[in-house]
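So that the names make sense, note that chain A is the first sequence line, chain B the second, and so on, each numbered from 1.
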Protein chains: 2
Amino acid sequence: MLKISELSAQSGLSAHTLRFYEKHGLINASTRSEAGYRFYNEADVRRVEFVKTARNIGFSLDDIAQLLSIRVDKKSHSCQEVTDLTQHKLNEVNAKIEELQSMQQTLEILLDSCCGGPENATHCSIMEALDEGDIRDKARSNKK
Amino acid sequence: MLKISELSAQSGLSAHTLRFYEKHGLINASTRSEAGYRFYNEADVRRVEFVKTARNIGFSLDDIAQLLSIRVDKKSHSCQEVTDLTQHKLNEVNAKIEELQSMQQTLEILLDSCCGGPENATHCSIMEALDEGDIRDKARSNKK
DNA sequence: CTTGACCTTAGAGTCAACTCTAAGCTTATA
DNA sequence: TATAAGCTTAGAGTTGACTCTAAGGTCAAG
Ligand SMILES: [Zn+2]
Ligand SMILES: [Zn+2]
Ligand SMILES: [Zn+2]
Ligand SMILES: [Zn+2]
């Protein structure tokens, strides 16, 4: 049985974060001492590791809550539910990547066009491009 | 001279957003009516368009504030300052893309491994992977 | 028996970029 | 002249995932 500071050291999550996750229904200390101190058993630790893994992949805490509710009763849930969640997350990630790649392209074009030198910026092609808005066409897909 | 609602219609930014940008020092109505109504002239409108363009590229409002301070006095600033800002933003964007691509890979691996069918999730390889944490190695670079 | 480290809670603060509300003027139209 | 639409301000609310604070209880060591 681990105290919160021990679990914190072991998991790399701060005690604050562990309490925060508890408040949001993700994890729990299955026992408390008489004084109210949290004590985590092995199953608790495994659950925390599950949360950590899912979080590292990029799932939101809401996603993780759903994954956890599947985890505690796998018989009542299907593989399809799991792939739906995963696919949905993948779609989000893909959309963000596209948005960022569009920004990336525009920024590279801007950098290519500017001399980057120490002279003053009265002739700066980046400033001109921002003023004229003509890169906006290339950057339009960046909009949320 | 445009009233705020007219500039809002023309620019696609809400009147709320225009006031918000003003509060944060990005834009200004160079004149006010006797009753205090904002009136935007052509230079104001061009400044708003500059902000919009920069925002669409992905610059933060802080970045934009810096770009604007260069814009109003180009003689006192160098091309290098402009490229520094742009390069810094590009580095940020590249870092995020890498992070997301790592998530993307992990999610694709997970999706490949799961049957996605309607049977129950007791055998689900995604749940197993999350439990065992063995994809964490692939996903480790996702950490902030 | 007193430090000092650790634990508890509720609740506030952080970041970014809006978004909205309330309460009250102003202006245009009927 | 009355109604509605539009403007003003200060300030609060939103989202997500923490992060920290205050005020106090607990526990081991010296
Ligand atoms: Zn130059
Ligand atoms: Zn330049
Ligand atoms: Zn299956
Ligand atoms: Zn499965």
**Q** For the rings on A:His24 and A:Phe20, is their centre-to-centre separation under 6.0 Å?
**A**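 Yes - the distance between ring centres of A:His24 and A:Phe20 falls below the 6.0 Å cut-off.
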**Q** Taking all atoms of both residues into account, what is the closest heavy-atom pair of B:Gly116 and A:Cys79, and its distance?
**A** N-CB, 3.8 Å
**Q** If you check the B:Leu61 side chain, which of C:dC18, D:dT26, D:dC18 turns out closest?
**A** C:dC18
**Q** Heavy atoms only: give me the nearest B:Glu6-B:Met1 pair and the separation to one decimal.
**A** OE1-O, 4.0 Å
**Q** Which whole-number value in Å describes the distance from A:Glu34 CD to D:dT26 P?
**A**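 It is 11 Å, rounded to the nearest whole Å.
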**Q** For residues B:Phe39 and B:Asp44, report the shortest heavy-atom separation together with the two atoms involved.
**A**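 The pair with the smallest heavy-atom distance is O-OD2, 3.9 Å.
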**Q** Atom OH of A:Tyr40 to atom C1' of C:dT8: distance rounded to whole Å?
**A** 12 Å
**Q** Can you tell me if B:Ser5 touches the phosphate of D:dA5, counting only side-chain N or O atoms and a distance under 4.0 Å to OP1 or OP2?
**A**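 False: B:Ser5 side-chain N/O out of range (4.0 Å or more) of D:dA5 OP1/OP2.
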**Q** Round to the nearest Å and state the distance from A:Phe59 atom CZ to D:dG16 atom C1'.
**A**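 After rounding, the reported distance stands at 17 Å.
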**Q** In terms of the nearest nucleotide of DNA chain C, which residue is placed more toward the 5' end: B:Ser14 or A:Tyr37?
**A**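 That would be A:Tyr37.
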**Q** Let's see if you can work this out: which of C:dT26, D:dC27, C:dC18 has an atom nearest to the side-chain heavy atoms of B:Phe20?
**A**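 So the nucleotide nearest the side chain must be C:dC18.
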**Q** Atom CG of A:Leu2 to atom P of C:dC7: distance rounded to whole Å?
**A** 11 Å
**Q** Near DNA chain D, counting only heavy atoms under 4.0 Å, which residues of residues 25-33 of chain B show up?
**A**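 Heavy-atom cutoff 4.0 Å gives B:Arg32.
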**Q** Exactly one of B:Leu26, B:Asp63, B:Leu13 should register a side chain to side chain contact (heavy atoms under 4.5 Å, CB included) with B:Arg55. Which one does?
**A** B:Leu13
**Q** Separation of B:Lys3 atom NZ from D:dA5 atom P, in whole Å?
**A**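 Answer to the nearest Å: 14 Å.
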**Q** Show the nearest heavy-atom pair for residues A:Ala15 and A:Ile4, with the distance to one decimal.
**A** O-CD1, 3.7 Å
**Q** Please tell me if A:Arg38 has a side-chain N or O lying less than 4.0 Å from either OP1 or OP2 of C:dT8.
**A**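 Answer yes for this pair, as a side-chain N or O of A:Arg38 is under 4.0 Å from OP1 or OP2.
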**Q** Looking only at side-chain atoms of A:His16, point me to the closest of D:dC18, D:dC20, C:dC18.
**A** D:dC20
**Q** Just call it for A:Phe39: base, sugar-phosphate, or nothing, with non-hydrogen atoms closer than 4.0 Å on any strand.
**A**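 Counting heavy atoms under 4.0 Å across all strands, no contact is made by A:Phe39.
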**Q** Would a hydrophobic clustering, with Ile, Leu, Val, Met, Phe, Trp and Tyr connected at side-chain separations under 4.5 Å, put A:Leu18 with A:Tyr37?
**A**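 Not linked; separate clusters.
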**Q** Could you work out which one of D:dT8, C:dT26, C:dT8 sits closest to the side chain of B:Ala35?
**A**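 Taking heavy atoms from C-beta onward, the closest nucleotide is C:dT26.
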**Q** Measure the distance from OH on A:Tyr21 to C1' on D:dA17 and round it to the nearest whole Å.
**A**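 Rounded to whole Å, this separation is 7 Å.
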**Q** Once you round it to whole Å, what is the distance between C1' of D:dG16 and NE2 of A:His24?
**A** 9 Å
**Q** For B:Asn28, enumerate each residue passing the side chain to side chain donor-acceptor pair (under 3.5 Å) test, keeping only those at least two apart in sequence or located in another chain.
**A**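 Result, side chain to side chain donor-acceptor pair (under 3.5 Å) vs B:Asn28: none returned.
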**Q** Does OP1 or OP2 of C:dA17 have a side-chain N or O of B:Arg55 closer than 4.0 Å?
**A** no
**Q** Separation of A:Lys23 atom NZ from C:dA10 atom P, in whole Å?
**A** 8 Å
**Q** Name the closest nucleotide to the B:Ser60 side chain, picking from C:dC6, D:dC27, C:dA17.
**A**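 Per side-chain heavy atoms of B:Ser60, the pick is C:dA17.
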**Q** For a quick check of understanding: with a heavy-atom distance under 4.0 Å over all strands, which category does A:Arg19 fall into, base, sugar-phosphate or nothing?
**A**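 Base contact.
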